[in-house]
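Here the structure comes first, spelled out in C-alpha cells, and everything after it is commentary.
All values reported here derive from a predicted model rather than from experimental measurement.
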Amino acid sequence: MAKSRYIGDYPVIGIRPIVDGRRGPMRLRESLEDQVMAMANAAKKLFEENLFYSNGEPVKVIMADTSIGRVPEAAACADKFKKAGVDITLSVTPCWCYGSETMDMDPNTIKAVWGFNGTERPGAVYLAAVLAGHAQKGLPAFGIYGHEVQDRDMVTTIPDDVKEKLLRFGRAAVAVATMRGKSYLQIGSQCMGIAGSIIDQDFMESYLGMRVESVDEVEILRRMEEGIYNEEEYQKALAWTLEHCKMGRDDNPESVEFLGKERRIKFTDEEKQKQWEFTVKMYCIIKDLMAGNKNLPAGFEEEMVGHNAIAGGFQGQRQWTDHWPNCDYPEALLSSTFDYEGAREPYTLATENDVLNGLGMLFMRLLTHRAQIFADVRTYWSGEATERVTGYKLEGKAKESNGIIHLLNSGAACLDACGECKDENGNAIMKKWWEVTDEDIKKMTDATVWCEAGFDNFRGGGFSSHYTTKAEMPCTMIRLNLVKGLGPVLQIAEGWTVNLPEKVSDILMERTNPTWPCTWFAPRCDGKEGSPFKTAYEVMQNWGANHGAISYGHIGADLITMCSMLRIPVCMHNVPEDQIYRPACWNAFGMDKEGQDYRACSTYGPLYKNLNK
C-alpha cells in the first residue's frame, strides 16, 4: 500500500504453538506436532488476511521456530520475538501442556491464548490452567475458547465465534501497539478554557506510550515568511483546492457600527483569495510539522524531520483566529481520506486542540482505517420539539431514540461523513482509505461547500466546510475524559446517522450555524428508567464533555477490548453484553461487568506504568 509516515516499525504479532512436552515410548509430543502447527498456521493466515496497519499493509505475523513444550523452547521463542519486534502474542494449543513453563512471561506484550475445544486432549484444560497462571502473576491475557466441540482434524477450521475474538483481539492490540513511541503534536495550547485541551503528559506516556510535542502557532507564520515549505507541493495543493473546493454562503454583514464608526465586516473577493492561499499553506505546513517532509528547501534539514506525530491538535481560538484565517480547512481535509494527491491515510488533527477528543478519533482511526468526525455534541431535539418547529414527525431510528442529537462544529469533520460514497450494495458508507476511488473523492468534494467563516467567531476569516450527512449509516460516538482521582474513562454510544428531509434539516440548521458540517445522530436506546440510554436526551445529558469523536460502524466492542488493554475503564456504553471481550482475569473482580472493569483497571494500572518509573 503506502509507505508508513511514522518512524519505527509497525507492531508484529507472534504465534506461539504450545504442545504437551512429554516424549518417551508413546511419542506423545510427536503425535501432536502436526496438529498444533496446523492450528498455529490457521491463526497466522486469519490475521494476515484480515488485519492491516494504518498504511494499508497486511499485518506481519511470525511464528516460533518450533512448538513450545518446555522452558528452553519458550525462552528461544521469546528471544526470537524480541529481536523481531513482536508486541503481541497469541499462544495456541489443542492439548494439555505445562502452563507456567510455556506461557508468555514478557510483561510488555499484549497476550491471548486460544485453547481448541476438542475432546482427545482438550486445549480447554491448558487454557484454564495457563490463564490462572497469568492472573496469579499479574500478566493479563485474553482467553479464546470455541462454543462447539470440534473433531481433532478440524483445527484449521476456525469457528465464527473464535474468529470474532481472534480478530477483535488482533485489531485492538495492533491499534494499541501502533500508538506506542509516536507523538501527539499540539500546535498552540489550551483553547477557550476547554478542559480537553489541557494536555496531561503523564497520561499520554503512562497509558498510551506516547510523547507530547508542542509547537507555538507562530511557527506556522515563520515557515510561511521564510519559505519553509515545498513550493511545488503548495502550488499543486492550491490549484486543486481552487478547482474542487466550491465556495458556499457568506453570512457576514457588509458592515456594523462599532465605537461610533462604521466597521467593514465582509471580506472582498481579493481578500478571500488571499485567505485561500494562506489556509492551503497552513495545510501543507501542518502536514510537514506532523510527518516531516524531505522535500523542503535546502538548509532546512531540521524542519524536514517533523515530529513523528500520529495525532495532533490546533488551538486556533482565540489568539490565532482573531487575526489570522482559521484552521477549518486544514483540520477537515487532514482528517479526510484524501487531498490534492488523491486517496491517502487520514491524519488526526483535533479542533481547538482538544487532545482527548483527538485521541478518541485516533483510537477509532487505527481500529477502522476510516476517516473520523470531530463535532460538538450540540443540541438534543426531541420528537415534540422537532414537530413544533418544522411540522415533521421523526421516523425510523430517530423515533426509536425519541429524538436526535445535532453533531455540529467547524473544523475537523471529515468530508467522508457526507454519506455520498456507496458500497457494492448501494449502501452509504465511509470507506477504508485505501478503498476510496477518484469517483468517491469527486462525490465528497461535490457534496461540500466552503463558507466564509463567520466574523463573530473568526475575525481573521478563513473557510468552514459545510455538508449535511444525507444517509443513514451505522456509527459510534465516543468521548475520552479525565477525572481527578479516577483517571481516564471512555464513553461509547453506538447509533446511526439520520437522514432528515432536506427542508426539515435546513429549518433546524438555520437556528444555529448553517455554514458548518451537519450530522444528525440517533443513539441506540433501551427505554429503561435510570439508564443513560433511555432516550437520546439521556445520552446527551450524561455525555462527559462538549465534544465527541464519531466513526463509521458499530465498533463499540472493539473499543471496549482496546480500552481493557490500555487499562482505561468504560464508564458508559450501549454495546450488547455478549460482545464485551476483556482479559480473562477481569472475571476475578466481581460479577458485574462495569464494576469488574473499574477494579481491574485500577489494580493493574496504566499499560506503560513500569516503563516510566
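For CD of Glu30, the number of neighbouring non-hydrogen atoms (other residues, nucleotides, ligands) closer than 6.0 Å is greater than 12. The 12-atom threshold is exceeded at CD of Glu341, counting heavy atoms of other residues, nucleotides or ligands nearer than 6.0 Å. Atom CG of Asn50 has more than 12 heavy atoms from other residues, nucleotides or ligands within 6.0 Å. Within 6.0 Å of NZ in Lys443 there are more than 12 heavy atoms belonging to other residues, nucleotides or ligands.
For the salt bridge (charged side-chain N to carboxylate O under 4.0 Å, His left out) with Glu73, the lone residue among Lys80, Arg29, Arg16 that qualifies is Arg29.
For the residue pair Ser602 / Arg567, no side-chain donor-acceptor distance below 3.5 Å is found, with atom types taken as modelled. Side-chain atoms of Ser336 and Tyr347 include no donor-acceptor pair closer than 3.5 Å. No side-chain donor from either of Ser564 and Arg582 sits under 3.5 Å from a side-chain acceptor of the other. Thr561 and Asp558 share no side-chain donor-acceptor pair at under 3.5 Å.
Taking 4.5 Å as the limit, every side-chain heavy atom of Arg479 sits out of range of all side-chain heavy atoms of Met572. In this structure, the side chains of Ile310 and Tyr184 stay at 4.5 Å or more apart for every pair of heavy atoms. At least one side-chain heavy atom of Lys287 sits less than 4.5 Å from a side-chain heavy atom of Asp339. In this structure, Gln150 and Thr157 have side chains that are in contact, with non-hydrogen atoms separated by less than 4.5 Å. Residues Ile62 and Val12 are in side-chain contact: their nearest non-hydrogen atoms beyond the backbone lie under 4.5 Å apart. At a threshold of 4.5 Å between non-hydrogen side-chain atoms, the residues Val149 and Thr119 count as touching.
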Next on the checklist: Show, in sequence, the C-alpha distance, side-chain angles and deciding distance for Phe142 and Trp114, and conclude whether the ring-ring contact (aromatic ring centres under 6.0 Å, His included) test is met.
Outcome noted: CA-CA 8 Å; Phe142 291 79; Trp114 173 25; over 10 Å; no
Item to check | Stepwise side-chain contact (heavy atoms from CB on, under 4.5 Å) test for Ile18 and Tyr98 | outcome: CA-CA 9 Å; Ile18 312 299; Tyr98 292 0; over 6 Å; no
Item to check | Criterion side-chain contact (heavy atoms from CB on, under 4.5 Å) on Glu345 and Arg365, from CA distance to verdict | outcome: CA-CA 9 Å; Glu345 178 185 347; Arg365 173 166 72 83; 3.0 Å; yes
Item to check | Step-by-step side-chain hydrogen bond (donor to acceptor under 3.5 Å, both in side chains) determination, Thr178 to Tyr6 | outcome: CA-CA 10 Å; Thr178 297; Tyr6 311 118; over 6 Å; no
Next on the checklist: Checking Tyr608 against Tyr207 for the ring-ring contact (aromatic ring centres under 6.0 Å, His included) test, could you report, in this order, the C-alpha distance in whole Å, the side-chain angles of both residues, the deciding distance, and whether it holds?
Outcome noted: CA-CA 6 Å; Tyr608 301 106; Tyr207 281 88; 9.4 Å; no
Next on the checklist: Between Phe374 and Met361, is the side-chain contact (heavy atoms from CB on, under 4.5 Å) condition met? List the steps.
Outcome noted: CA-CA 7 Å; Phe374 182 112; Met361 296 168 71; 3.7 Å; yes
Item to check | Test log, rule side-chain hydrogen bond (donor to acceptor under 3.5 Å, both in side chains), inputs Thr497 and Tyr552 | outcome: CA-CA 9 Å; Thr497 61; Tyr552 175 87; over 6 Å; no
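Thr368 contributes a side-chain N or O that, together with a main-chain N or O of Arg370, makes up a donor-acceptor pair within less than 3.5 Å. With hydrogens and angles ignored, the 3.5 Å screen pairs a side-chain donor or acceptor of Asp592 with a backbone N or O of Gly595. Within the 3.5 Å criterion, the main-chain N or O of Leu407 finds no donor-acceptor partner in the side chain of Thr519. The backbone N or O of Val575 sits less than 3.5 Å from a side-chain atom of His573, completing a donor-acceptor pair. No donor-acceptor distance shorter than 3.5 angstrom exists from the side chain of Glu213 to the backbone of Ser183, with no hydrogens or angles considered. A donor-acceptor pair under 3.5 Å is formed between the side chain of Asn308 and the backbone N or O of Ile7. Using modelled atom types, one side-chain atom of Asp597 and one backbone atom of Val570 make a donor-acceptor pair closer than 3.5 Å. The backbone N or O of Ala371 lies less than 3.5 Å from no partner atom in the side chain of Lys431, so there is not a single donor-acceptor pair. Remark: side-chain polar atoms of Asn481 are not paired, donor with acceptor, to backbone N or O of Val489 under 3.5 angstrom. Between the Asp20 side chain and the Cys97 main chain, no donor and acceptor come within less than 3.5 Å of each other.
Between Ile478 atom CD1 and Ile555 atom CD1 the span is 7.0 Å, to the nearest 0.5 Å. Here the CZ atom belonging to Arg5 is positioned 9.5 Å from the CG atom belonging to Asn55, to the nearest 0.5 angstrom.
The aromatic rings of His369 and Trp434 are tilted relative to each other, their planes meeting at an angle between 30° and 60°.
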